[in-house]
Amino acid sequence: MSLSENKPVHTGGRPSWDIYFMKVAYLVCERATCLRRKVGAVLVKDRQILATGYNGAPMGIRHCEVTGCLRLELGVPSGERHEICRGLHAEQNVLLQAARHGISVRDSVLYITNAPCIICAKMIVNAGIKEVIIADSYPDKMALDFLKEAKIGVRRIKKKI
């Protein structure tokens, strides 16, 4: 699938909305505890942040920083064997955060530092998110194909954030 790519515009020294929300996603990913890849996600509706999420172990469960990473130890390639990972993806956590606080995500926009995996893409479709904006890729073509089939817009911000 070919992603549409936008050209973020700065007006009067202010970042575009896309750059602003993606910068927030990069700030959020600093909380990630994954040893392999740090990912941040921000759900936005009407230019308001609804929820944020980063990848890491569920609440009350030791993080990979403490236990180590089984996928890393086994040499599992990126994008494979998600079922043996201790952590939740940033997209999963942002949806769960919104649900925990009773926030509807229907027709929202999801900013993610990396493209989603197929598991997260399915959740994005069923959550009613209308657009996904990414900064970097992820080795899961099927995920992007699902989003395209569901008519969910996917854009990539090429500018270095």
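Just so you know, these numbers use all the heavy atoms, side chains as well, and skip hydrogens, waters and symmetry mates.
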Q) After noting the C-alpha distance and the side-chain angles of Arg37 and Ser78, does the key distance pass the side-chain hydrogen bond (donor to acceptor under 3.5 Å, both in side chains) rule? A) CA-CA 9 Å; Arg37 180 189 316 260; Ser78 184; 2.6 Å; yes
Q: Could you please spell out the steps behind the side-chain contact (heavy atoms from CB on, under 4.5 Å) verdict for Asp18 and Ile133?
A: CA-CA 8 Å; Asp18 282 347; Ile133 301 173; 3.5 Å; yes
Q | Test salt bridge (charged side-chain N to carboxylate O under 4.0 Å, His left out) applied to Glu149 and Lys151, step by step | A | CA-CA 5 Å; Glu149 185 177 343; Lys151 297 180 177 38; over 6 Å; no
Q: Among Ile119, Val125, Asn126, find the one that has a side chain to side chain contact (heavy atoms under 4.5 Å, CB included) with Met123.
A: Ile119
Taking all heavy atoms of [X] and all of [Y], pick out the closest pair and write down the distance.
| X | Y | value |
| --- | --- | --- |
| Asn93 | Gly53 | CB-CA, 4.1 Å |
| Leu50 | Ser108 | CD1-CB, 4.0 Å |
| Gly40 | Val28 | CA-CG1, 4.2 Å |
| Ile61 | Ala57 | O-CB, 3.8 Å |
| Leu35 | Leu72 | CB-CD2, 4.5 Å |
| Ala121 | Ala143 | CB-O, 3.7 Å |

Give the cluster check for [X] versus [Y]: same hydrophobic cluster or not, with ILVMFWY residues linked at side-chain heavy-atom distances below 4.5 Å.
| X | Y | value |
| --- | --- | --- |
| Tyr111 | Tyr138 | no |
| Val42 | Leu96 | no |
| Ile103 | Leu88 | no |
| Ile19 | Leu27 | no |
| Phe146 | Ile152 | yes |

Mind checking the [atom1]-[atom2] spacing from [X] to [Y]? Nearest 0.5 Å is all I need.
| X | Y | atom1 | atom2 | result |
| --- | --- | --- | --- | --- |
| Ile118 | Asp140 | CD1 | CG | 6.0 Å |
| Lys23 | Ile157 | NZ | CD1 | 11.0 Å |
| Leu43 | Thr52 | CG | OG1 | 9.5 Å |
| Cys117 | Gln92 | SG | CD | 6.5 Å |
| Ser137 | Asn114 | OG | CG | 7.0 Å |
| Cys34 | Glu65 | SG | CD | 9.5 Å |

Q | Glu91 and Ile112: CA distance, side-chain angles, deciding distance, side-chain contact (heavy atoms from CB on, under 4.5 Å) verdict | A | CA-CA 8 Å; Glu91 303 92 324; Ile112 322 169; 3.7 Å; yes
Q.
Walk me through whether Thr67 and Arg86 qualify under side-chain contact (heavy atoms from CB on, under 4.5 Å).
A. CA-CA 9 Å; Thr67 65; Arg86 293 179 64 81; 3.2 Å; yes
(Q) Under 4.0 Å between a side-chain nitrogen and a carboxylate oxygen: does that hold for Arg71 and Glu73? (A) no
Do [X] and [Y] have side chains that approach each other closer than 4.5 Å (heavy atoms only, starting at C-beta)?
| X | Y | answer |
| --- | --- | --- |
| Ile49 | Val24 | yes |
| Ile129 | Val109 | no |
| Val132 | Ile134 | yes |

Q.
Taking atom CZ as the centre, does Arg31 end up with more than 12 heavy-atom neighbours from other residues, nucleotides or ligands that are less than 6.0 angstrom away?
A.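 Counting other residues, nucleotides and ligands, CZ of Arg31 stays at 12 neighbours or fewer.
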Q: Assign the ring pair His89 / His82 to parallel, tilted or perpendicular, where the plane angle (0 to 90°) is split at 30° and 60°.
A: perpendicular
**Q.** Aromatic ring pairing Tyr20/Trp17, orientation class (parallel under 30°, perpendicular over 60°, tilted between)
**A.**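 Plane angle over 60°, so perpendicular.
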Q: Run the numbers on Val105 and Leu95 for side-chain contact (heavy atoms from CB on, under 4.5 Å), then give the verdict.
A: CA-CA 8 Å; Val105 301; Leu95 291 170; 4.0 Å; yes
Q. Sub-3.5 Å donor-acceptor pair from the side chain of Asp136 to the main-chain atoms of Thr113, do we have one?
A. no
Q.
For residues 120-132, which residue pairs pass the salt bridge (charged side-chain N to carboxylate O under 4.0 Å, His left out) check, not counting sequence neighbours?
A.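 Every pair satisfying salt bridge (charged side-chain N to carboxylate O under 4.0 Å, His left out) with a residue in residues 120-132: Glu131-Arg155.
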